[in-house]
Amino acid sequence: MYRSRPSGNLDNRALSYLSSITEDSDLFYYDLLGSQAHVIMLYESNILSKKETVEILKGIDQLLTNSNTLNEYADTYAEDIHEMVESALIKMTTMDIGGKMHTARSRNDQVVLDIRMKLRDDLNRISLNLLDLINSLLAKAEEHIDTIMPLYTHLQQAQLGVFSHYLLSYCFSLLRNFERFSESYKRINISPLGACAIGGSSMNIDRDKVASMLGFSDIVYNSVDATSSRDFLVEFSSNALNTMLDLCRISEDFIIWSTSEFGFVSLDDHFSSSSSAMPQKKNPDPLELIRGKTASTEGNLIAITSILKGLPSGYSRDLQEIKPLLWKTSSTLETSIEMMKEIVSTIHVDQNKMYLASVNSYAVALDIAEQLIKNGGISFRLSHKVIGTIVDYASRLGNVPLSSLTLSDITVALKKIDFSHEVITSEMILNLIKQNTPENSIRFRKTKGSPNKNEQKAMIAHIEKMVIDCKKDLDNRLNKLHLAKDLLDKKIKQLIDEGHNT
Ligand code: ARG
């Protein structure tokens, strides 16, 4: 709208086509904070007088306390929130004063400043949510250290495990996502302001000062990089997608396990949908939506990188298209984590169904094959063959459990592969089968990270410690931001008070 070269106003259709006002509502607050710091820096660099600074700060204050003020004062030709705010302040303070606010600044550094400030707040809230979800997985896991269930590969029963083992696996993977977000935070939390349009300014501004007033740990040094690069938000979107993929896999598991055929778990009624037609239905819609929203998050990442792929260096208006995608990714992730947390803490677990599936399962076959190696000194390959043959025999008998095979069943089965061995007899195999109850199957597996009780307890302790460390890091980040905000507020108050007294 500040049209010094083009004549006349922008065509109305062009204006509404160009406008980013809708998606900019999420940036309004950050735009004002950025302007507060910028204006104070201009004052401290002797570019603005105290009177001008105070007038602008008072105007910003008014916009912050009553957002209707914006619509009241802003120019209707504004293309985005930056122009809206500036035009409102000019109207509130006169062109001679408000017109100085944009000194040594461009919308190009301003927009990416606002995005970075919003994103770091989103990231911190998401990180807190992630820790809440991890804590609810931990709490459920502690209840289910002894809840035996089959573990699946290819969705076929693979080995026996316990429900806590499953839940803890997601604590680890969500903690890695927490770490990814924390790692990326340092690349988000740097200030582009002062890079101006692309090549810096001849005004005597202090980029580091604005950065520290806004709680940034540093500046984006190079002005071309500061205005052109969006790698930080690609990283954020990719971390968001990784996290959604975790939630999506949990969702898929719970959806399958809550079918009548499995019946391992059932969602709490408060998190289940019904059918408008079939009275009996209790549907896992929230989980299905997490799955669906994961696809949208993936789409957003692809759309964002596709926009970036076509661009030269320096600001291009295409970049504006990224904002709504990014906001969507961020809010989807935040609400999906919350939803999953509630679902996990309220889910009902049918231990009997899980046990029944385990006791009738061939998922002890690998345990027996390993014990055959230990007892009889044969190769794993041969042992695999022997036990596989016995399982095949049992399944042909009508899927009977291994524990109901008789000595002669085993002898007949082994004849099929002409197996005879002086130590490994049918009796020994039968004995091993009897020994490998579901409980023993789990107890016998001692490797680090396996489902036995000691390992469950060790993993829980390990995760608890990690959660405490993560929370400390997060609190540290939040403290730094609060400290900077308090200092900025104090500075503003002091300037406004001094303005009143002169
Ligand atoms: N509305 C724009 C965006 O969201 C702000 C930057 C516009 N800069 C410009 N030179 N046209 O990206």
Side-chain angles (χ1 to χ4, degrees), residues 134 137-176 249-250 253 257 264 349 351-391 394 401-403 405 410 421 423-467:
I134 292 165
L137 286 163
L138 259 180
K140 247 312 155 223
E142 279 178 274
E143 286 171 32
H144 290 286
I145 291 186
D146 292 315
T147 304
I148 297 175
M149 67 180 295
L151 300 173
Y152 297 83
T153 66
H154 311 266
L155 216 48
Q156 303 285 328
Q157 293 179 351
Q159 288 184 278
L160 295 188
V162 283
F163 191 45
S164 62
H165 194 214
Y166 166 82
L167 297 166
L168 294 177
S169 77
Y170 282 99
C171 292
F172 281 110
S173 121
L174 291 167
L175 277 166
R176 284 196 298 278
R249 234 163 354 124
I250 300 176
D253 290 336
W257 293 345
F264 286 0
V349 179
Q351 291 167 265
N352 289 336
K353 282 251 173 77
M354 287 181 170
Y355 190 78
L356 208 65
S358 308
V359 84
N360 289 326
S361 167
Y362 295 136
V364 286
L366 177 54
D367 298 313
I368 301 173
E370 284 186 348
Q371 286 152 34
L372 216 53
I373 301 172
K374 286 197 226 160
N375 290 5
I378 57 171
S379 72
F380 175 69
R381 239 344 113 226
L382 183 56
S383 182
H384 187 275
K385 185 94 195 154
V386 168
I387 302 303
T389 305
I390 293 170
V391 170
L402 294 180
S403 58
L405 293 179
I410 292 172
H421 191 277
V423 186
I424 300 173
T425 57
S426 300
E427 283 84 356
M428 178 199 258
I429 294 174
L430 187 66
N431 226 356
L432 286 178
I433 289 174
K434 301 271 182 242
Q435 265 175 36
N436 275 278
T437 58
E439 289 80 358
N440 282 341
S441 152
I442 284 158
R443 195 175 309 134
F444 292 158
R445 269 175 282 142
K446 297 255 192 306
T447 44
K448 227 174 169 181
S450 58
N452 76 68
K453 199 166 189 160
N454 288 340
E455 279 302 306
Q456 296 307 296
K457 287 187 177 161
M459 281 190 269
I460 287 174
H462 183 86
I463 292 165
E464 279 170 350
K465 185 178 171 311
M466 282 180 81
V467 169

Salt bridge (charged side-chain N to carboxylate O under 4.0 Å, His left out) against [X], all qualifying residues, sequence neighbours excluded:
| X | answer |
| --- | --- |
| Lys446 | none |
| Asp367 | Arg445 |
| Glu143 | Lys140 |
| Lys453 | Asp146 |

Nearest 0.5 angstrom please: [X] [atom1] to [Y] [atom2], how far?
| X | Y | atom1 | atom2 | value |
| --- | --- | --- | --- | --- |
| Arg249 | Ser173 | CZ | OG | 6.0 Å |
| Ile433 | Ile390 | CD1 | CD1 | 5.5 Å |
| Ser164 | Glu142 | OG | CD | 9.5 Å |
| Tyr166 | Phe264 | OH | CZ | 12.0 Å |
| Asn436 | Asn431 | CG | CG | 10.5 Å |
| Leu168 | Phe163 | CG | CZ | 10.5 Å |

key: With Tyr362 via ring pair (Phe, Tyr, Trp, His ring centres under 6.0 Å) - residues at least two apart   = none
For residues [X] and [Y], report the shortest heavy-atom separation together with the two atoms involved.
| X | Y | value |
| --- | --- | --- |
| Val391 | Ala365 | CG2-CB, 4.1 Å |
| Ser358 | Met149 | OG-CA, 3.3 Å |
| His165 | Pro451 | ND1-CB, 3.6 Å |
| Leu160 | Leu151 | O-CD1, 4.0 Å |
| Val364 | Ser441 | CG1-CB, 3.8 Å |
| Cys171 | Leu137 | SG-CB, 3.6 Å |

[X]: which residues meet the side chain to side chain contact (heavy atoms under 4.5 Å, CB included) condition with it, sequence neighbours left out?
| X | answer |
| --- | --- |
| Glu370 | Leu366 |
| Lys434 | Leu430 |
| Glu439 | Ile148, Tyr355, Thr437, Arg443 |

ask   = Which residue pairs satisfy the ring pair (Phe, Tyr, Trp, His ring centres under 6.0 Å) criterion with at least one member in residues 425-462, sequence neighbours excluded?
value =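 Counting only pairs at least two positions apart or across chains, the ring pair (Phe, Tyr, Trp, His ring centres under 6.0 Å) contacts touching residues 425-462 are Phe172-His462.
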Side-chain heavy atoms of Ile460 within contact of Ile145, under 4.5 Å = yes
ask   = Are any non-hydrogen side-chain atoms of Leu372 and Met428 less than 4.5 angstrom apart?
value =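 Result yes, sub-4.5 Å side-chain heavy-atom pair found.
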What donor-acceptor contacts under 3.5 angstrom involve side-chain atoms of residues 377-389, with partners at least two apart or in another chain?
residue	atom	partner	partner atom	Å
Ser379	OG	Leu382	N	3.1
Ser383	OG	Ala369	O	2.7
Thr389	OG1	Lys385	O	2.6

request  = Any salt bridge (Lys or Arg N to Asp or Glu O under 4.0 Å) involving residues 155-171? Give me the pairs, sequence neighbours left out, ordered by first then second residue.
outcome  =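 Sorted pair list comes back empty.
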ask   = After noting the C-alpha distance and the side-chain angles of Ile429 and Ile424, does the key distance pass the side chain to side chain contact (heavy atoms under 4.5 Å, CB included) rule?
value = CA-CA 7 Å; Ile429 294 174; Ile424 300 173; 4.0 Å; yes
Side chain Glu455, main chain Lys448, donor-acceptor under 3.5 Å =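 It does not hold such a pair.
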Partners passing side-chain hydrogen bond (donor to acceptor under 3.5 Å, both in side chains) against Gln351 (at least two apart in sequence or in another chain) =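 Per chain and number, Gln351 pairs via side-chain hydrogen bond (donor to acceptor under 3.5 Å, both in side chains) with Thr147.
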